[in-house]
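One structure is given here, and the rest of the page talks about it.
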Amino acid sequence: MRTSRYLLATVKETPSDAAIVSHQLMLRAGMIRKLASGLYSWLPTGLRVLQKVERIIREEMDRCGAQEVLMPVVQPMELWEESGRGPDYGPELLRVRDRHDNPFCLGPTHEEVITDLVRNEIQSYKQLPMNFYQIQTKFRDEIRPRFGVMRSREFTMKDAYSFHLDQASLEQTYDAMYQCYCRIFDRLGLDYRAVDADPGAIGGSGSQEFHVLAESGEDAIAFSDSSDYAANVELAEVVVEGERPAPQQEMKLVDTPDARTIAELVEQFDQPIEKTVKTLVVKASEEAGGGLIALLVRGDQELNELKAEKLPRVASPLEMAGGDEIRAAIGAGAGSLGPVNLPVPCIVDRSVALMSDFSAGANIDGKHYFGINWERDTALPEVADLREAQAGDPSPDGQGRLEIRRGIEVGHIFQLGTKYSEALGATVLDENGRDVPMTMGCYGIGVTRVVAAAIEQNHDERGIIWPEAIAPFHVSLVPVNLKKSPRERELCEQLYEQLTEAGVDVLYDDREKERLGVKLADAELLGIPHRIVVAERGLDDGKVEYRARRDTENTMVEADCILEFIIERLGAAQPPRR
RNA sequence: CGGGGCGUGGCGCAGUCUGGUAGCGCACCACAAUGGGGUUGUGGGGGUCGGAGGUUCGAAUCCUCCCGUCCCGACCA
């Protein structure tokens with residue numbers, strides 16, 4: 001492509017309404033333009049990237065035996081009534097009516113449509129399993145579209161739906177899709193983790209999310225530094241190591257009139273924070289007979305509310321007790337609570353169970369006990385996993401330690417079961433001639449979001465740094481002064497032709513009106529991985545300048561060898577197309 | 001849907017408090033110079049000041065309503 005004939009559409013200034021880097025850079029690099037809130041047009045540069053992502057997804061889905069289909073964006077509401085999902089979806093579902101006043105909606109997803117298709121086409125268990133996918137526009141009338149293409153109302157999604165006779169078959173395909181997704185994100189060149197989305201249900205593998213690691217991610221992910229264990233921080237199990245040390249100190253009652261918080265206790269009485277215990281009082285569940293229950297975590301650690309409310313004795317949703325309730329039940333204020341002589345039931349975090357010689361409130365206003373030891377001073381109550389995982393915790397799978405980083409959810413694989421097949425009557429005859437609902441799985445990738453996530457993960461102050469596999473162009477070819485140098489022009493034209501012929505995507509900057517600085521800045525903003533600068537002063541020695549996007553220095557390369565040089569660098573991951 | 005901000009040439013903004021008929025930078029067009037990191041000069045083109053109504057001799061500016069858009073909270077690829 002020649003820049004003189006191309007809608008480069010780069011802009012120098014950062015648009016004011018773009019809050020995150022990927023959005024800013026996509027606008028600045030001329031990839032997208034906003035039409036209305038949550039609606040974006042893709043310009044040539046953006047579309048090139050999008051199509052490269054789609055191509056990789058297609059290739060890998062096809063490789064797994066999935067079959068591509070294409071379903072309508074507009075769907076009859078009838079189907080949504082049949083599945084019973086219409087009311088659940090609420091205003092996020094954009095409803096429209098046709099000229100006959102029949103109700104339709106813009107598809108936010110396609111479970112209903114594919115299930116309808118399959119119930120009419122598949123009759124026998126002998127046809128199963130089958131896996132269908134499409135790459136299609138979805139519409140969700142988001143409450144708050146934001147971050148450009150990261151959370152837009154209209155977006156491109158690859159969605160796949162598999163159909164099975166039984167759970168065992170579903171699990172096989174589910175595992176295959178897991179592997180498929182790993183290959184896709186590997187090929188995209190992204191740093192990602194597969195995260196257990198709901199470890200409680202269906203044996204821990206019912207649903208997994210794929211997250212691209214990036215600081216701007218909306219979810220905190222805990223993952224092992226030496227295995228593929230990964231979980232949402234809120235769901236990550238905390239395992240503790242070691243034994244409880246033997247008591248060293250006697251328990252003593254101390255006057256602590258001005259210590260109402262852990263911070264004050266630590267500061268005023270020189271207590272190490274990891275030797276303090278926080279006592280949080282919450283409502284107990286109906287099953288536990290109501291009333292209050294205390295939850296104990298270490299002074300330097302945080303209660304994980306999700307874990308707490310899953311405990312049978314704790315009310316769900318979690319509700320903190322008020323000051324008056326605490327005083328009525330315990331006879332002391334919230335700042336002076338602890339496990340010794342506690343008149344309400346109590347559950348302690350695993351870390352707390354391993355503490356010795358610790359300090360906590362005495363359940364008497366203005367007093368704490370120091371040097372408390374379990375069993376000697378008070379019985380050890382129920383122990384549970386109550387706290388939020390921290391970086392450095394041992395990985396729950398026993399391998400390595402946890403690291404915590406933020407992630408952008410770009411994929412989700414899910415074992416659906418028979419929810420839709422039952423609702424819509426999608427059944428097959430099994431080997432006994434009986435009608436059984438098909439067991440289903442579904443597998444999504446947010447294609448447009450992948451593009452934004454790739455930028456979030458790969459950029460610097462100059463612009464985007466594309467992974468080679470999805471770069472809009474592989475190489476930028478930049479002459480220093482085309483107007484004045486016939487030699488530069490001649491070589492550039494020749495290289496452009498040769499590279500293009502070799503299947504390399506080249507952006508040849510043949511603009512005569514722009515100076516070198518402008519052209520280089522554009523190439524860097526666009527994030528083109530390889531750059532060749534053709535200059536008079538190198539040509540005297542028959543050389544051109546090469547620089548990779550992340551390099552800080554030029555490499556001089558013989559003009560005669562640059563073609564091979566580039567092709568070699570394009571790497572095995574992205575072989576030239578012809 | 002709550003809370004907050006912002007709407008002025010394509011983009012980024014000033015002008016609004018204190019009414020007098022619109023300005024700056026970038027981009028664009030022409031010419032000239034320059035030519036290895038967003039160069040310079042000269043001359044141009046382009047704006048119903050988000051919309052409607054009102055106050056006033058006069059409204060970008062004051063008042064009312066509406067719309068759009070962005071940010072912060074519960075959903076999601």
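As the structure is a prediction and not an experimental result, all values here were calculated from the model. Residue numbers start from 1 in every chain, and the chains themselves are labelled A, B, ... in the order their sequence lines are given, proteins ahead of strands.
Considering only residues two or more places apart in sequence or on other chains, A:Phe473 meets the ring-ring contact (aromatic ring centres under 6.0 Å, His included) condition with A:Tyr6. In terms of the ring-ring contact (aromatic ring centres under 6.0 Å, His included) criterion, residue partners of A:Tyr40 (sequence neighbours excluded) are, by chain and number, A:His23. Here A:Glu68 pairs with A:Arg58, A:Tyr133 under the side-chain hydrogen bond (donor to acceptor under 3.5 Å, both in side chains) rule; sequence neighbours left out. In terms of the ring-ring contact (aromatic ring centres under 6.0 Å, His included) criterion, A:Tyr443 has no residue partners (sequence neighbours excluded). Legend: residues meeting salt bridge (charged side-chain N to carboxylate O under 4.0 Å, His left out) with A:Glu111, ordered by chain and number and at least two apart, are A:Arg85. For A:Arg515, there are no side chain to side chain contact (heavy atoms under 4.5 Å, CB included) partners two or more places apart in sequence or in a different chain.
Atom CG in A:Asn481 sits about 12 Å away from atom P in B:G37, given to the nearest Å. Regarding A:Leu8, its CG atom lies at a distance of 13 Å from the C1' atom of B:G38, rounded to whole Å. In this structure, CG of A:Asn554 is placed 12 Å from P of B:G37, rounded to the nearest angstrom. Regarding A:Arg547, its CZ atom lies at a distance of 16 Å from the P atom of B:G36, rounded to whole Å. Rounded to whole Å, atom C1' of B:G36 lies 14 Å from atom CG of A:Leu482.
Using a 4.0 Å cutoff on non-hydrogen atoms, the parts of residues 512-530 of chain A near RNA chain B are A:Glu512, A:Lys513, A:Arg515, A:Leu516, A:Gly517, A:Val518, A:Leu520, A:Ala521, A:Asp522, A:Glu524, ordered by number. Proximity of residues 537-546 of chain A to RNA chain B (heavy atom under 4.0 angstrom from any strand atom) is restricted to A:Arg537, A:Glu545.
For a distance-only test at 3.5 Å, the side chain of A:Lys484 qualifies as a donor-acceptor partner of the base of B:G35.
Distance check on atom C1': B:U56 versus B:C71 gives 37 Å, rounded to whole Å. Taking atom C1' in both B:C24 and B:G46, one finds a spacing of 15 Å when rounded to whole Å. Using atom P as the reference point in both B:C11 and B:C28, the two lie 15 Å apart (nearest Å). Atom C1' of B:C13 sits at a distance of 13 Å from the matching atom of B:G7, rounded to the whole Å. B:G23 and B:U39 have their P atoms separated by 26 Å, given to the nearest Å. Here, B:G44 and B:G36 have their C1' atoms 31 Å apart, quoted to the whole Å. A gap of 13 Å separates the C1' atoms of B:G45 and B:A27, to the nearest Å. To the nearest whole angstrom, the two C1' atoms, one in B:A59 and one in B:A22, are 13 Å apart.
A:Arg462 comes within contact range of at least one nucleobase, with a heavy-atom separation under 4.0 Å. Here A:Lys138 lies out of heavy-atom contact (under 4.0 Å) with every strand. Heavy atoms of A:Arg511 sit nowhere under 4.0 angstrom from any nucleic acid atom.
B:A32: Watson-Crick or G-U partner is B:U40, with both key distances under 3.5 Å. The partner of B:G23, taking Watson-Crick or G-U wobble pairs whose two distances both stay under 3.5 Å, is B:C13. Across all strands shown, nothing is found opposite B:A59 as a Watson-Crick or G-U wobble partner with both distances under 3.5 Å. Using N1 to N3 plus N6-O4 or O6-N4 for Watson-Crick, or N1-O2 and O6-N3 for G-U wobble, each under 3.5 Å, B:G7 pairs with B:C67.
A salt bridge does not link A:Arg63 to A:Glu59: none of the charged nitrogens lies less than 4.0 Å from a carboxylate oxygen. Note on A:Arg531 versus A:Asp551: no salt bridge recorded, every NZ/NE/NH1/NH2 to OD/OE distance being 4.0 Å or above. Checked for salt-bridge contact, A:Asp460 and A:Arg549 meet the test: a charged N lies under 4.0 Å from a carboxylate O. Under a 4.0 Å N-O distance rule, the pair A:Asp560/A:Lys543 does not qualify as a salt bridge. Between A:Lys519 and A:Glu514 there is no salt bridge, since no side-chain N of the basic residue sits under 4.0 Å from a carboxylate O of the acidic one. A salt bridge does not link A:Glu553 with A:Arg547: every distance from a Lys NZ or Arg NE/NH1/NH2 to an Asp or Glu carboxylate oxygen is 4.0 Å or more.
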side-chain hydrogen bond (donor to acceptor under 3.5 Å, both in side chains) between A:Gln415 and A:Gln167: does it pass, once the steps are laid out?
CA-CA 9 Å; A:Gln415 298 186 17; A:Gln167 176 69 19; 2.8 Å; yes

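Residues A:His530 and A:Ser476 bring no donor and acceptor atom of their side chains to less than 3.5 Å of each other.
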How would you summarise protein contacts on nucleotides 71-77 of chain B per nucleotide, using B for base, S for sugar-phosphate only and - for none, with heavy-atom distances below 4.0 Å?
BBBBBBB

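The CD atom of A:Gln67 sits 13.5 Å away from atom CD of A:Gln134, with the distance rounded to the nearest 0.5 Å.
Of the candidates B:C70, B:C26, B:G35, B:G35 carries the atom nearest the A:Lys483 side chain, counting heavy atoms from C-beta on.
For residues 449-468 of chain A, there are no ring pair (Phe, Tyr, Trp, His ring centres under 6.0 Å) pairs, not counting sequence neighbours.
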Restricting both atoms to N or O, compile the protein contacts to nucleotides 4-10 of chain B shorter than 3.5 Å, with distance only.
none

Identify the pairs formed between an N or O of the protein and an N or O of nucleotides 40-46 of chain B at a distance under 3.5 Å, and give each distance.
none

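Each of A:Lys483, A:Arg489, A:Lys484 was scored for a salt bridge (Lys or Arg N to Asp or Glu O under 4.0 Å) with A:Glu512, with one residue passing: A:Arg489.
Ring centers of A:Tyr161 and A:Phe132: at least 6.0 Å apart, outside the cut-off.
The 5' end of RNA chain B is approached more closely, in terms of each residue's nearest nucleotide, by A:Ser16 than by the other of A:Glu488 and A:Ser16.
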